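Below: the structure, in structure tokens.
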Amino acid sequence: MQMFICCGEAKNGAFEKQLLSLFRSCRRNNVRLFSIGEEMSLLVKAGIAGRATPHWSRLAYLREKYPDAELSETLYHLDGQISTCSGHAATLDFTVTFLVNTVGADVAGAVCRQLLIGFPRDSSQSQVKVDYHRIRNAPPHLKLAIDAMYGNIEEPLALQEIARAAGVSLRQIERLFAAHLSVSPGRYYRRIRLEVAKQMIEQTDLTLFEISAATGFGSANNLTKVFKAQFGKLPREFRKLAKRS
């Protein structure tokens, strides 16, 4: 038996107990569960998600909230009893891959032809990040540098360490960022960390001190200062707006 569960960003708190009961029942009875979208956070909360692939906008919150969970920024994970998908356009990749695995490549190919699409993206492909459209065809060294930044949010690396991770000199990294992104690597790194801080402010009840520690800004005062400079509003104003929506 197999069960697909798909949920958008609407609050599911009113049904949390029922959903958790359903998920655990599926686990006990060896029902294959395919989770697409927001209810994946309940699987993580229950500790039964295995390798989960939440949407990138929820990743920072879930990593901070559930540090022991196995969370991935790939598009989807299709294997074992519980499979997960980050949602949105990745749902199509997830579904076509499911068809390949269950009814064969010929049927999946016919579906793709009907929908006028190519074969799906690989499950290991990372989700789109900041400025993906600008770095899609960028040199590999620049992509490696950006990956190093994303992988070290809580304890930011020195620019020299980023250059080393990318396999080039610091001067070369500076030139690559200037040529392809029109910004210094330090400013770009700070912007990535601020985007993560913004997600936490909007999605969690963590204090500014906790968020500043999780994003490498050191103090609530420092975070507030650079946050307002980047987004034009104080963190508390963003949190207030998020709670209204």
Side-chain angles (χ1 to χ4, degrees), residues 2-88 90-91 93-94 97-98 121-130 147-157 192-193 195-217 242:
Q2 300 174 138
M3 180 178 295
F4 280 78
I5 301 179
C6 183
C7 179
E9 294 183 1
K11 301 293 184 184
N12 54 29
F15 306 101
E16 182 171 324
K17 288 184 179 179
Q18 295 94 320
L19 286 170
L20 286 172
S21 176
L22 174 63
F23 296 156
R24 289 178 175 130
S25 177
C26 288
R27 184 69 176 267
R28 286 194 306 272
N29 293 286
N30 294 317
V31 175
R32 288 196 71 190
L33 186 61
F34 299 87
S35 171
I36 303 170
E38 184 63 22
E39 88 291 332
M40 191 188 310
S41 60
L42 292 181
L43 291 172
V44 174
K45 180 178 181 179
I48 61 174
R51 182 183 170 194
T53 56
H55 190 268
W56 63 266
S57 65
R58 299 285 289 168
L59 197 55
Y61 160 68
L62 290 172
R63 279 178 170 162
E64 188 67 21
K65 186 80 171 176
Y66 306 105
D68 295 329
E70 186 182 357
L71 302 173
S72 171
E73 62 179 30
T74 54
L75 293 174
Y76 57 95
H77 174 66
L78 189 56
D79 187 34
Q81 188 182 353
I82 297 179
S83 296
T84 61
C85 174
S86 55
H88 297 276
T91 305
D93 304 292
F94 181 80
T97 303
F98 169 79
R121 292 171 290 178
D122 189 79
S123 63
S124 63
Q125 183 171 323
S126 291
Q127 297 176 37
V128 174
K129 298 175 182 176
V130 175
D147 284 343
M149 292 176 179
Y150 273 100
N152 294 273
I153 300 294
E154 185 172 351
E155 297 182 5
L157 299 175
I192 289 173
R193 289 158 48 220
E195 287 289 347
V196 174
K198 180 172 173 282
Q199 292 168 24
M200 289 183 169
I201 287 165
E202 292 174 331
Q203 299 172 13
T204 78
D205 292 320
L206 294 172
T207 66
L208 280 186
F209 174 77
E210 290 171 316
I211 294 172
S212 68
T215 51
F217 287 104

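Just so you know, these numbers use all the heavy atoms, side chains as well, and skip hydrogens, waters and symmetry mates. Quantities reported herein were computed from a predicted structural model and do not represent experimental measurements.
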Indicate the atoms forming the closest heavy-atom contact of [X] with [Y], along with that distance.
{"X": "A52", "Y": "T84", "value": "CA-OG1, 3.5 Å"}
{"X": "S123", "Y": "T74", "value": "O-CB, 3.2 Å"}
{"X": "L62", "Y": "S41", "value": "CD2-CB, 4.0 Å"}
{"X": "G216", "Y": "R193", "value": "O-NH2, 2.9 Å"}
{"X": "L59", "Y": "P54", "value": "CD1-CG, 3.5 Å"}

CA sep, side-chain torsions, deciding dist, call: L22, M3, side-chain contact (heavy atoms from CB on, under 4.5 Å) | CA-CA 10 Å; L22 174 63; M3 180 178 295; 3.9 Å; yes

Look up atom [atom1] in [X] and atom [atom2] in [Y], then write down how far apart they are to the nearest 0.5 Å.
{"X": "L19", "Y": "L42", "atom1": "CG", "atom2": "CG", "value": "6.0 Å"}
{"X": "L75", "Y": "S124", "atom1": "CG", "atom2": "OG", "value": "8.5 Å"}
{"X": "E195", "Y": "T215", "atom1": "CD", "atom2": "OG1", "value": "12.0 Å"}
{"X": "M40", "Y": "S83", "atom1": "CE", "atom2": "OG", "value": "10.5 Å"}
{"X": "D147", "Y": "Y150", "atom1": "CG", "atom2": "OH", "value": "9.5 Å"}
{"X": "I48", "Y": "L43", "atom1": "CD1", "atom2": "CG", "value": "5.0 Å"}

Residues in side chain to side chain contact (heavy atoms under 4.5 Å, CB included) with N29, at least two apart?
->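 So N29 forms a side chain to side chain contact (heavy atoms under 4.5 Å, CB included) with S25, V31.
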
Looking at residues at least two apart in the chain, or sitting in another chain, which of them share a side chain to side chain contact (heavy atoms under 4.5 Å, CB included) with S86?
->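 Residues passing side chain to side chain contact (heavy atoms under 4.5 Å, CB included) with S86: A90, Q127.
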
Mind checking what makes ring-ring contact (aromatic ring centres under 6.0 Å, His included) contact with F4, not counting sequence neighbours?
->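 F4: ring-ring contact (aromatic ring centres under 6.0 Å, His included) contacts with F34, F98.
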
Can any side-chain N or O of [X] pair as donor or acceptor with the backbone N or O of [Y] at less than 3.5 Å?
{"X": "R51", "Y": "H77", "result": "no"}
{"X": "T97", "Y": "D93", "result": "yes"}
{"X": "E73", "Y": "W56", "result": "no"}

Pairs of donor and acceptor atoms involving the side chains of residues 198-207, under 3.5 Å and at least two apart or interchain, shall be tabulated with distances.
| unit_1 | atom_1 | unit_2 | atom_2 | d |
| --- | --- | --- | --- | --- |
| K198 | NZ | E202 | OE2 | 3.4 |
| Q203 | OE1 | R58 | NH1 | 3.3 |
| Q203 | NE2 | S57 | O | 2.7 |
| T204 | OG1 | M200 | O | 2.6 |
| T204 | OG1 | L206 | N | 3.2 |
| T207 | OG1 | E210 | N | 3.1 |
| T207 | OG1 | E210 | OE1 | 3.3 |

Results of side-chain hydrogen bond (donor to acceptor under 3.5 Å, both in side chains) for K65 - residues two or more places apart only =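 Scan of K65 (side-chain hydrogen bond (donor to acceptor under 3.5 Å, both in side chains), adjacent residues dropped) gives none.
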
Listed partners of D79 passing side-chain hydrogen bond (donor to acceptor under 3.5 Å, both in side chains), at least two apart |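 Per chain and number, D79 pairs via side-chain hydrogen bond (donor to acceptor under 3.5 Å, both in side chains) with no residue.
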
Evaluation steps, side-chain contact (heavy atoms from CB on, under 4.5 Å), between S72 and T53 | CA-CA 5 Å; S72 171; T53 56; 4.1 Å; yes

